[in-house]
Amino acid sequence: MTQSNDNIYATKQTVGPFRFDEKVVAVFPDMITRSVPGYEDVIKGIQQLASEYTIENTNCYDLGCSLGAASLAISYGNQKQGVKIYGIDNSEAMIERCRSNIDGFKHKTPISLMNCSIQDTNIENAGFIVLNYTLQFIAQPDRLAILKSIYDGMVSGAVLILSEKIVFEDELINANMIKLHHQFKRDNGYSDLEISQKRNALENVLVPETIKQHIDRLQEVGFQPVCCWNQNLNFASLIAVKP
Ligand code: GEK
């Protein structure tokens, strides 16, 4: 796949709400690696976790799969027989590009892609589920019901990997983490104009929560144990087990 640079917000413009449209799809790998601290480590970690945690004759789900980075990581990591991977995304442009992306890589565990929303996905016989930076785009009141239906579709011993942008309860730490995240983006070549216009586009579209809110909700659903396995500035990834 040809890599294009993300310069969507480089010129001054009237900023509308962020959408996963063709423009974003065309620059997505560049956008996510330059914007999310630790993204590549998390993808590598998902491969390692998949090598430990996938379960024979069960399904894996990559919910909000974008261009399939996590689906491919699961496919590379999986060591078990009879495992199928389902990549789900409600952006048609994303799924179309994902299809050609995935076809371009040799992978041993089969991956099926579906253009539908997580809310409409029937999760069943699941052994390993990834929600990589996707729950944050779902309206807060809907998050509990989604996690419940994920939990209900999982077999005992299955794991959920939940990666999210996070906020901190302490105001000063929160302000400093945002500052450091903006510096991370500047170090990756984004201008102050790009950073502030993207921030405006994501306002009320990407709604982050604290790690405690995530852990409490996962525990309320029934996951046990739940713990953080990766954190880089204001981005964290949790592992949650269905007992
Ligand atoms: C990665 N996981 O590279 N149903 C299905 N898909 C959705 C929904 C929904 N309700 N809401 C948003 N999406 C990927 C990165 S990106 C994160 C995930 C980011 C999809 C949306 O279309 C997009 O492709 C993805 O979730 C979020 O590991 O861009 O910050």
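What's counted below: heavy atoms across the whole structure, side chains too, no hydrogens, waters or symmetry copies. This one's a predicted model, so the numbers in the text were calculated from it and none came from an experiment. Start at 1 and go down the list; that is how both ligands and their atoms are numbered. In this chain, numbering begins with 1 at the start of the sequence shown.
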Notebook entry, point to check: Do the two ring centres, one from Tyr86 and one from Tyr61, sit under 6.0 Å apart?
Noted result: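 Here the rings of Tyr61 and Tyr86 have centres that are less than 6.0 Å from each other.
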Next item on the list: Would you confirm whether the ring centroid of Tyr190 sits within less than 6.0 angstrom of the ring centroid of His182?
Entry: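 For His182 and Tyr190, the ring centres are not under 6.0 Å apart.
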Checklist line | Mode of Ser35 contact toward ligand 1 - side chain, backbone, both, neither (heavy atoms, under 4.0 Å) | finding: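 Neither part.
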Next item on the list: Answer with side chain, backbone, both or neither: which part of Gln136 has a heavy atom less than 4.0 angstrom from an atom of ligand 1?
Entry: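 Within the 4.0 Å criterion, Gln136 contacts ligand 1 through side-chain atoms alone.
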Nearest non-hydrogen protein atom, [atom]:
{"atom": "atom 4 (N) of ligand 1", "value": "Ile118 N, 2.9 Å"}
{"atom": "atom 10 (N) of ligand 1", "value": "Gln119 OE1, 3.0 Å"}
{"atom": "atom 19 (C) of ligand 1", "value": "Phe137 CE1, 3.6 Å"}
{"atom": "atom 24 (O) of ligand 1", "value": "Asp89 OD2, 2.6 Å"}
{"atom": "atom 14 (C) of ligand 1", "value": "Gly64 O, 3.4 Å"}
{"atom": "atom 15 (C) of ligand 1", "value": "Ser66 OG, 3.3 Å"}

Can you find an N/O atom of [X] closer than 3.5 Å to an N/O atom of ligand 1?
{"X": "Ile32", "answer": "no"}
{"X": "Asn132", "answer": "yes"}
{"X": "Ala70", "answer": "no"}

Taking 4.0 angstrom as the limit and counting only heavy atoms of [X], give me the atoms of ligand 1 inside it, by number and element.
{"X": "Met94", "value": "24 (O)"}
{"X": "Ser117", "value": "4 (N), 5 (C)"}
{"X": "Tyr133", "value": "16 (S), 17 (C), 18 (C), 27 (C)"}

Check: Among Asn90, Asp120, Leu131, Thr134, whose heavy atom sits nearest atom 5 (C) of ligand 1?
Finding: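 The residue whose heavy atom sits nearest atom 5 (C) of ligand 1 is Asn90.
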Notebook entry, point to check: With respect to atom 29 (O) of ligand 1, which of Phe235, Tyr39, Phe20 exhibits the smallest heavy-atom separation?
Noted result: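 Of the listed residues, Phe20 has the closest heavy atom.
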Note to self: Using the rule that Ile, Leu, Val, Met, Phe, Trp and Tyr join whenever any side-chain heavy atoms are under 4.5 Å apart, tell me whether Leu131 and Met114 fall into a single cluster.
What the structure shows: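 Looking at the clustering, Met114 is in the same group as Leu131.
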Checklist line | Residues Asn78, Thr109; criterion side-chain hydrogen bond (donor to acceptor under 3.5 Å, both in side chains); working and verdict | finding: CA-CA 7 Å; Asn78 172 50; Thr109 316; 3.2 Å; yes
Mark yes when over 12 heavy atoms from residues, nucleotides or ligands other than [X] sit less than 6.0 Å from its [atom1]; otherwise mark no.
{"X": "Glu40", "atom1": "CD", "answer": "no"}
{"X": "Glu22", "atom1": "CD", "answer": "no"}
{"X": "Tyr53", "atom1": "OH", "answer": "no"}

Note to self: Can you confirm if the NZ or CZ of Lys242 lies within 45° of the ring axis of Tyr151 and under 6.0 Å from the centre of its six-membered ring?
What the structure shows: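 Yes, Lys242 and Tyr151 form such a contact.
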Checklist line | Any residue meeting side chain to side chain donor-acceptor pair (under 3.5 Å) with Asp89, in chain and number order, not counting sequence neighbours | finding: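 For Asp89 there are no side chain to side chain donor-acceptor pair (under 3.5 Å) partners, ignoring immediate neighbours.
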Checklist line | Contact list for residues 141-154, test salt bridge (Lys or Arg N to Asp or Glu O under 4.0 Å), sequence neighbours left out | finding: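 The answer is Arg143-Glu209.
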Check: Is the shortest distance from a Lys or Arg side-chain nitrogen in Asp30 or Arg34 to a carboxylate oxygen in the other one below 4.0 Å?
Finding: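 Salt bridge flag = yes for Arg34 with Asp30.
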Note to self: With a 4.0 Å cut-off on heavy atoms, is Cys116 in contact with ligand 1?
What the structure shows: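 Under 4.0 Å: yes for Cys116.
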